[in-house]
K.L.:
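There's a structure below that I have some questions on.
In what follows, every heavy atom counts, from backbone to side chain, and hydrogens, waters and symmetry copies are set aside. Start at 1 and go down the list; that is how both ligands and their atoms are numbered.
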Amino acid sequence: MFYPTFRARRIRGKEVFRRMVRETSLSVNDLIYPMFSAAGQGIRKEISSMPGIYQQSIEHIVEEAQEAHELGVPAVILFGIPETKDAVGSDAYAEHGIIQETIRALKKQVPGLAVITDVCMCEYTDHGHCGIIKDGDVDNDETLELLAKEALSHARAGADMVAPSDMMDGRVMAIREALDNNGFKHIPVMSYAAKYASGYYGPFREAAESTPQFGDRRSYQMDPGNRREAIRETRMDVEEGADIIMVKPGLPYLDIVRDLREEFDLPVAVYNVSGEYSMVKAAARNGWIDEERVIMETLLSFKRAGADLILTYHAVEAARLLKRG
Ligand code: PBG
Ligand code: ZN
């Protein structure tokens, strides 16, 4: 392939050619929209570090979910901001907890929309950690019981899929067993398989009010330097019955997305996390980047890296842009 016989620019010369030979594309079917459901009524509070994203009470969640659904977004993933938090995260598995009530409202009012739930303790514990604290650290095995209870209560409320994000060892098996033994064999588990201890979660913790009150999450989330470990972590989840595997964060971990794509044949999801969203919004507000272009290029990069599904706060705006074409 030598110049001048071959000219790479020939096929780039017309938009119609570029469209014909494009190797990857983004579809609205790939998008999952994260939402923050707050206990109470009449709440719609913008998260200061995430312009366009809100903590909202159920009636507003339903409204925005309806809009997402009409734009063709297939699914939302829910995070809860409960009325009260305690040491064991009781609201996480309460029959009338914030998420359970949100699921019921969504399944009733927007039945065509898939409702996925984040299964973790940190939004519901007063100490902000993803599990039960014992001797100053999160106790793995005791936490498993609560996670299983939480996932089961989501399924009972009508959740279509559960997504554990806690990073305890054995959680997929514990959740799978609880679902199977209680009539929910058909409910898939999307596991946050390779989840790194990341500074990019900062804005989310403001949104979910889930900042750890002491220490950090490095004893359970993965170390950012590790690549082989992502395969090992993910293999555990696959063997325990995960249906979809996830990499999180997204942009700084595209190599891991590619690794999981090549190693496993399950659908791969990637979480374009809060800090990634905030950086785009901040730069756009300063007029430093072309916002729409950067959003679409970012989402396409996840597909090119090998992801099938993208959890992103840009889902609704991206759906609108895809529609406009
Ligand atoms: C809870 C959870 C977090 C995110 C999703 N689920 C935060 C964390 O682990 O601290 C982060 C999402 C984001 O930053 O957008 N375990
Ligand atoms: Zn957590």
K.L.:
Around the Zn ion (ligand 2), how many protein N/O/S atoms fall inside 2.8 Å?
P.N.:
3
K.L.:
Would you mind listing which atoms of ligand 1 come within a distance below 4.0 Å of any non-hydrogen atom of K248?
P.N.:
2 (C), 3 (C), 4 (C), 5 (C), 6 (N), 11 (C), 12 (C)
K.L.:
Should Q221 be listed as contacting ligand 1, given a heavy-atom distance under 4.0 Å as the test?
P.N.:
yes
K.L.:
Check the angle between the aromatic planes of F36 and Y313 and answer parallel, tilted or perpendicular using the 30° and 60° thresholds.
P.N.:
parallel
K.L.:
For ligand 1, is there an atom lying under 4.0 Å from some heavy atom of Y313?
P.N.:
yes
K.L.:
Go through ligand 1 atom by atom and flag the ones less than 4.0 Å from a non-hydrogen atom of Y271.
P.N.:
12 (C), 15 (O)
K.L.:
Counting each atom of ligand 1 from 1 as listed, which ones have a heavy atom of D118 under 4.0 Å away?
P.N.:
6 (N)
K.L.:
Heavy atoms only: which of S278, S274, A197, G128 is nearest to atom 14 (O) of ligand 1?
P.N.:
S274
K.L.:
Please list, chain by chain and in numerical order, all residues satisfying side-chain contact (heavy atoms from CB on, under 4.5 Å) with E262, sequence neighbours excluded.
P.N.:
R258
K.L.:
If I take atom CD1 from residue I132 and atom CG from residue L144, how far apart are they, to the nearest 0.5 angstrom?
P.N.:
11.0 Å
K.L.:
Would you call the rings of Y271 and F79 parallel, tilted or perpendicular if under 30° counts as parallel and over 60° as perpendicular?
P.N.:
tilted
K.L.:
Ligand 1 and S165, any nitrogen or oxygen pair closer than 3.5 angstrom?
P.N.:
yes
K.L.:
Between Y196, Y220, F204, which one has a non-hydrogen atom sitting closest to atom 12 (C) of ligand 1?
P.N.:
F204
K.L.:
Can you pull out every side chain to side chain donor-acceptor pair (under 3.5 Å) where at least one residue sits in residues 230-241? Sequence neighbours excluded, please.
P.N.:
R171-D237, S191-D237, R235-E263
K.L.:
Assess K195 against Y201: is NZ or CZ under 6.0 Å from the centre of the six-membered ring, and within 45 degrees of the ring's axis?
P.N.:
yes
K.L.:
For atom 8 (C) of ligand 1, state which one of M246, R217, E276, E123 supplies the nearest heavy atom.
P.N.:
R217
K.L.:
What heavy-atom pair brings V28 and A319 nearest, and what distance separates the two atoms?
P.N.:
CG2-CB, 3.7 Å
K.L.:
Tell me which protein heavy atom sits closest to atom 2 (C) of ligand 1, plus the residue, atom name and distance to 0.1 Å.
P.N.:
K195 NZ, 3.4 Å
K.L.:
If you take all heavy atoms of S48 and E206, which pair is closest and at what distance?
P.N.:
OG-OE2, 2.9 Å
K.L.:
Restricting to non-hydrogen atoms, name the atom on V115 and the atom on I103 that form the minimum distance, rounded to 0.1 Å.
P.N.:
CG1-CG1, 4.2 Å
K.L.:
Under a single-linkage rule joining Ile, Leu, Val, Met, Phe, Trp and Tyr whose side-chain heavy atoms are separated by less than 4.5 Å, which residues share a cluster with V21?
P.N.:
I11, V16, F17, M20
K.L.:
Classify the contact between Y277 and ligand 1 as side chain, backbone, both or neither, using a heavy-atom distance cut-off of under 4.0 Å.
P.N.:
neither
K.L.:
D216 and H129: which non-hydrogen atoms are nearest, and at how many Å?
P.N.:
O-CE1, 3.2 Å
K.L.:
Can you name the closest pair of heavy atoms from G183 and H186 and give their distance?
P.N.:
O-CE1, 3.6 Å
K.L.:
Quick one: nearest non-hydrogen protein atom to atom 1 (C) of ligand 1, plus distance?
P.N.:
C122 SG, 3.3 Å
